[in-house]
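Here the structure is laid out as structure tokens; the discussion comes afterwards.
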Amino acid sequence: MRRDALYFPGLVPTKFSSVEDFLRTSDYARRRIEVADEVLGYSLLDSYAKAEVYDWEVYESGFMALTLALADWALDHVEINPVLCGGQSFGAINAAVFSGSLSYVDGLELVRSSAKVEIEYFEAQPEPLGCLFFYRLNSRQVDELVDAFRSDGHDAEVSIYLDDTVHAVSGTLADLELLEKRVREAGGYPFYTMNRSEHCGSVRPLRDRLETEVYDRVTWRSPKWPMLSDVTGELLSDPEEIKQDLLDGWVTPVHWSTVVEGMRTARAEHAHIIGPRNMFARITNNALPTDVITPKKVADHEAAATANRVPR
């Protein structure tokens, strides 16, 4: 039987209109949202419909419900033999829930509590921090650009290396505004600035607060499938190792090559990327055959099933 990898992408900005039909009509989504409503104490669907990506609690909870519902659907309708489950950045939390290392209720509690600590931490910083995403520069160019920027007295750390053309750099928003100009001058294309830094050593105080104030207060279990670390590329089954790995993701740059090598080492033969349409399917498909589990895939499957039931 084919060996499959289940992978949850990071928190990508997604228009609610592109996922609304699935969230409102799917029984899989309804079941996830009903639990979230009870845990959060409000209508997640109504709040998610109006949320900006910076409404961290609502947006992350909505993204979690959406991706987990898609994964639930996939196990029932797609031939999948998982040998590992992983995720990039926030997707790693979704993977922890889906693999059973965290209960769904604890996952939602972790999101809510983490959002409060993160907001408090970033609002207390002397200068606003952020993370600039851009593409069209390779990793060598990005490292040279950031090294030169730091030599000029600015603070900046490379946070994300996806494929060799998509990167992100963390620093103060003032410095990132200057860096954005240099990225353009070098031929790069900036496309998104997040209002917080991540995957960099400068946020270690936040990582340590999250450990004691949030992660130590939920229950971690052995997963149904080994968890693929996006920090080391290793497969993890020990609950404490999984918890520490998710925390260490805050202070460790993302290297997509680490994830891909981890899949290869685990002898995965096929990848299933679960979530709204995103770039991860494209870059993973360069390494091994990849399918996507998106709301559109669900809609297409349901339409084909309906057509096959119509009498000729």
Side-chain angles (χ1 to χ4, degrees), residues 1-40 43-51 53 58-88 90-91 93-100 104-105 107-108 224-225 268-285 288-312:
M1 185 177 292
R2 189 181 69 192
R3 298 171 59 85
D4 293 327
L6 301 181
Y7 209 80
F8 293 82
L11 191 70
V12 293
T14 304
K15 291 183 179 179
F16 183 76
S17 59
S18 67
V19 299
E20 181 175 11
D21 187 63
F22 174 77
L23 289 173
R24 294 195 185 279
T25 63
S26 167
D27 287 341
Y28 296 92
R30 175 183 54 78
R31 287 192 286 269
R32 289 292 185 178
I33 289 169
E34 284 178 353
V35 174
D37 288 351
E38 185 174 342
V39 172
L40 299 173
S43 170
L44 176 59
L45 193 57
D46 290 347
S47 299
Y48 192 33
K50 299 177 289 187
V53 69
V58 171
Y59 201 87
E60 290 178 353
S61 298
F63 193 79
M64 175 179 284
L66 167 65
T67 54
L68 292 177
L70 287 168
D72 293 339
W73 178 90
L75 286 189
D76 285 347
H77 294 88
V78 179
E79 188 175 341
I80 299 177
N81 175 42
V83 295
L84 64 87
C85 185
Q88 186 267 321
F90 182 76
I93 297 175
N94 292 331
V97 173
F98 195 67
S99 70
Y104 181 37
V105 169
L108 290 164
K224 182 177 181 180
W225 308 290
E269 300 168 321
H270 201 96
H272 299 268
I273 308 297
I274 302 168
R277 183 180 177 186
N278 58 76
M279 72 182 71
F280 291 92
R282 174 182 61 79
I283 61 178
T284 306
N285 197 51
L288 70 165
T290 302
D291 288 332
V292 294
I293 309 296
T294 64
K296 184 179 185 304
K297 184 179 182 71
V298 175
D300 290 345
H301 183 278
E302 297 300 329
T306 300
N308 289 336
R309 289 194 298 266
V310 174
R312 299 292 182 183

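The figures here come from the full heavy-atom set of this structure, side chains too, leaving out hydrogens, waters and symmetry mates.
- Partners of Arg2 under the salt bridge (Lys or Arg N to Asp or Glu O under 4.0 Å) rule, at least two apart in sequence or in another chain, are Asp4.
- Looking at every heavy atom in both residues, Ala268 comes nearest to Leu84 through CB-CD2, 4.4 Å.
- A 4.5 Å side-chain heavy-atom check between Phe90 and Phe8 finds every atom pair outside the cut-off.
- Judged by distance alone, the side chain of Ser99 and the main-chain N or O of Ala96 form a donor-acceptor pair under 3.5 Å.
- Here the CG atom belonging to Asn94 is positioned 6.5 Å from the CZ atom belonging to Phe63, to the nearest 0.5 angstrom.
- Distance alone, capped at 3.5 Å, is enough to place a donor-acceptor pair between the Thr67 side chain and the Met64 backbone.
- Relative to the six-membered ring of Tyr28, Arg32 misses at least one condition, a distance below 6.0 Å or an angle of at most 45° to the axis.
- Residues Pro295 and Pro276 share a closest heavy-atom pair of CD-CA, 4.3 Å.
- Here the CD1-NE2 distance, from Ile80 to His270, works out to 8.5 Å after rounding to the nearest 0.5 Å.
- The nearest pair of heavy atoms linking Leu44 to Ser61 is CD2-O, 3.7 Å.
- Judged by distance alone, the side chain of Tyr7 and the main-chain N or O of His272 form no donor-acceptor pair under 3.5 Å.
- Applying the side chain to side chain donor-acceptor pair (under 3.5 Å) test to His77 and every residue at least two apart in sequence or in another chain returns Trp73.
- Between Glu38 atom CD and Leu108 atom CG the span is 10.5 Å, to the nearest 0.5 Å.
- Of the inter-residue distances, the one linking Leu288 atom CG with Glu269 atom CD reads 9.5 Å to the nearest 0.5 angstrom.
- Nearest approach of Tyr104 to Val97, heavy atoms of both residues: CA-CG1, 3.7 Å.
- With rounding to the nearest 0.5 angstrom, the CD1 atom of Ile274 is 11.0 Å from the NZ atom of Lys297.
- Under a 4.0 Å N-O distance rule, the pair Lys296/Asp300 qualifies as a salt bridge.
- A pairwise comparison of heavy atoms in Thr294 and Gly275 identifies CG2-O, 3.2 Å as the closest pair.
- Interatomic distance, Leu70 CG to Leu75 CG, rounded to the nearest 0.5 Å: 11.5 Å.
- Applying the side chain to side chain contact (heavy atoms under 4.5 Å, CB included) test to Arg24 and every residue at least two apart in sequence or in another chain returns Phe16, Glu20, Leu45, Ala49.
- Residues Glu60 and Ile93 fail the side-chain proximity criterion, which asks for heavy atoms closer than 4.5 Å.
- Shortest non-hydrogen contact noted between Ala74 and Ile293 is CB-CG2, 3.9 Å.
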